[in-house]
Amino acid sequence: MKIERVSLRRIRLPLVAPFRTSLGVEHERPALLVQVTTAEGEGWGECVAGADASYSSEYLEGAEDVLRRHLVPRLLATDSVSAHAVAPLLAAVKGHRMAKAALETAVLDAELRALGISFATGLGALATRVPSGVSVGIMDSVPELLDAVETYLAQGYRRIKLKIEPGWDVVPVRAVRERFGDDLLLQADANAAYSRADAPLLARLDEFGLLLLEQPLDEEDLLGHAALARRLTTPICLDESVVSARSAADAIALGACHVVNVKPGRVGGYLEARRIHDVCAASGIPVWCGGMLETGLGRAGNAALAALPNFTLPGDISASDRYYATDITEPFVLKDGHLEVPDGPGLGVAPLPDVLAAVTTAVSEVR
Ligand code: OSB
Ligand code: MG
C-alpha cells in the first residue's frame, strides 16, 4: 500500500464520572486519532498517550509532535508499506511506542479492511466474545466504593480491579472481599505507587485471595518485583514495566511476574502485543488485556487481541458506557458479562461522522 496522507485528529470526550488512580484524577479523555488514506481505502488508529506524562513518559502533544515530525514522514517516503513493515521503518526513532502503535494500527486497519479480514482473524484469534472486567477508581469513601462495585456487578462484569495507593489498599480490598464474597474475581492495581520497603504492607493483601497485584513498584524495578513475588502469595502482574516482548521475556526470566497485562499502546502496537502473548504462552504465563480508557476504536482492537488463546483472565475491556455516554463508534455493550469481538473487516468499527465532528478540537494533515 502507498500511504497518500495521514490525518492527526484531536478529540475530547467527557467521562461519565471522574476516574482516580494513584497517578491522578481524570475528568475527560483527550485523545489523538490517526487516519491513514491509501489508494485501497482508509484506516484508523487511536493513540493512548495521556494528557500528562504520569503513566509513562509519553503524552498527547509529544505523541502528536513525533508523529508529525518523525514517524509519518518515514511512511510517506516509502513506496509500499505493509503493517508488518511499519515497526522496522520506524525503528530508527527510539521509544514513542504509543505514537508508533497508533500509526501501525491505522495501517493494519487499512490493510485488513482492503483484504476483507477482521483484526481478530488477522491476529490469529478464534474466540467470538471476551469476558469483560472493570477497573474501579479510588473513591472518597468505602461505602461509595461498595456502591460502585455493586452497580458494576449488577451490570454483569466478570471481574473487578480496584485501583490502590498508600492509604487506600488493605481497607477497601477487605471491604469488597467481605461484602461480595470469595467467588468474586478480584485484583488490585497500584500503578507503581509503592516502594520495596512496603513489602510487609503489601503482604497483608495475601489474605484476600486476589487474582493478582498489578505493578506495585516503579516501572524500572524488576528486581524489586522479583523479591516481592518471592515474598507474597498473591501473583505479581506487570503493566508499566513491560514495554516489549523482550522486556516481557526478561521479567519472566527474573521471576518478576507471574502474569502480564498486555496493552497494545504501551508496547508499540498489536503486532508486538501478539508477540508478548506468544512469549508468555511459551513460558506458561497467563496474560490479560489492559485498557487506557479507549474509545470504541481502541476497544475494538483490544477485544480482537483478547480473543487470542493465552488471554485467560478477563481484561479491562468494559462496555463503552463504563466511561462514555456517547462513544465515537457504535458502542460496545455488555452481553452476559462479555463483549462481542468485531468480525467486520479491519477493526470492524469506524467513527460515526456526526459524533466525531462534535468531539473534534483540531485536525491537521501530513502529506
Ligand atoms: O494501569 O491499567 C492501568 C487507565 C489509565 C492508565 C493506566 C491504567 C488505566 C486503567 C483503566 O486501569 C483501564 C480501562 O481502560 O478501563
Ligand atoms: Mg495498570
Side-chain angles (χ1 to χ4, degrees), residues 13 15-31 46-60 63 97-98 101 130-139 148-149 152 155 157-165 168-169 186-194 210-219 225 235-243 248 251 257 259-267 273 287-303 305-306 313-324 327 331-332 334 339:
L13 286 176
L15 299 180
V16 293
F19 182 61
R20 185 173 152 206
T21 72
S22 65
L23 308 168
V25 58
E26 296 174 71
H27 298 270
E28 57 172 16
R29 167 131 196 273
E46 173 176 348
C47 183
V48 300
D52 53 30
S54 62
Y55 169 78
S56 79
S57 63
E58 291 190 79
Y59 65 101
L60 219 60
R97 290 180 171 90
M98 291 176 180
V130 293
S132 189
V134 60
S135 175
V136 185
I138 294 166
M139 308 258 162
V149 171
Y152 290 130
Q155 291 170 2
Y157 283 104
R158 294 299 169 108
R159 182 227 68 191
I160 298 290
K161 165 168 131 179
L162 301 181
K163 289 292 191 177
I164 61 169
E165 66 181 3
W168 182 264
D169 40 43
L186 182 64
Q187 62 194 54
D189 184 4
N191 288 111
Y194 294 87
L210 299 179
L211 285 171
L212 57 92
L213 172 61
E214 182 179 347
Q215 198 71 43
L217 309 178
D218 187 84
E219 64 178 33
H225 282 101
I236 300 295
C237 172
L238 292 176
D239 173 355
E240 286 90 329
S241 294
V242 173
V243 297
C257 63
V259 184
V260 170
N261 165 334
V262 183
K263 289 180 184 170
R266 195 190 67 223
V267 306
V287 302
W288 56 280
C289 185
M292 294 293 287
L293 284 66
E294 284 87 347
T295 72
L297 275 180
R299 219 160 276 277
N302 290 354
L305 180 70
L313 293 165
D316 282 343
I317 318 178
S318 34
S320 294
D321 68 3
R322 153 73 184 91
Y323 291 113
Y324 306 115
D327 205 336
F332 280 85
L334 216 53
L339 294 192

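Remember, it's 1-based here, ligands and their atoms both numbered in the order they're listed.
Nearest to atom 1 (O) of ligand 1 among the protein's heavy atoms is Asn191 ND2, 2.7 Å. Regarding atom 6 (C) of ligand 1, its nearest protein heavy-atom neighbour is Met292 SD, 3.6 Å. Among protein heavy atoms, the minimum distance from atom 13 (C) of ligand 1 is reached at Gly291 O, 3.4 Å. Given atom 16 (O) of ligand 1, the protein heavy atom at minimum distance is Tyr323 OH, 2.7 Å. Atom 4 (C) of ligand 1 has Leu293 CD1, 3.5 Å as its closest protein atom, hydrogens excluded (heavy atom only).
Distances from the Mg ion (ligand 2) show that Asp189 has an N/O/S atom below 2.8 Å. For the Mg ion (ligand 2), the N/O/S atoms of Glu240 include none lying under 2.8 Å.
Side-chain N or O atoms of Tyr323 include none that pairs as donor or acceptor with a backbone N or O of Thr295 at under 3.5 Å. Under a 3.5 Å cut-off, the side chain of Ser135 and the backbone N or O of Lys161 do not form any donor-acceptor pair.
Of the residues Arg266, Gln215, Glu219, the one that meets the side chain to side chain donor-acceptor pair (under 3.5 Å) test with Ser241 is Gln215.
Here the side chains of Arg20 and Glu165 are in contact, with some heavy-atom distance below 4.5 Å.
Here Asp189 has side-chain heavy atoms under 4.0 Å from ligand 1, and that is the only part of it that gets that close. Residue-level proximity to ligand 1 for Val134 is absent, since no heavy atom of it falls below 4.0 angstrom. Within the 4.0 Å heavy-atom criterion, the part of Asp239 lying near ligand 1 is the side chain and not the backbone.
Considering Glu214, Lys263, Gln215 only, the shortest heavy-atom separation from atom 3 (C) of ligand 1 involves Lys263.
One finds the CD atom of Glu240 at 6.5 Å from the CG atom of Asp189 (value rounded to the nearest 0.5 Å).
Assignment of Lys163 to the shell around ligand 1 is supported, since a heavy atom sits closer than 4.0 Å.
Contact atoms of ligand 1 toward Tyr55: 6 (C), 7 (C) (distance under 4.0 Å to a heavy atom of the residue).
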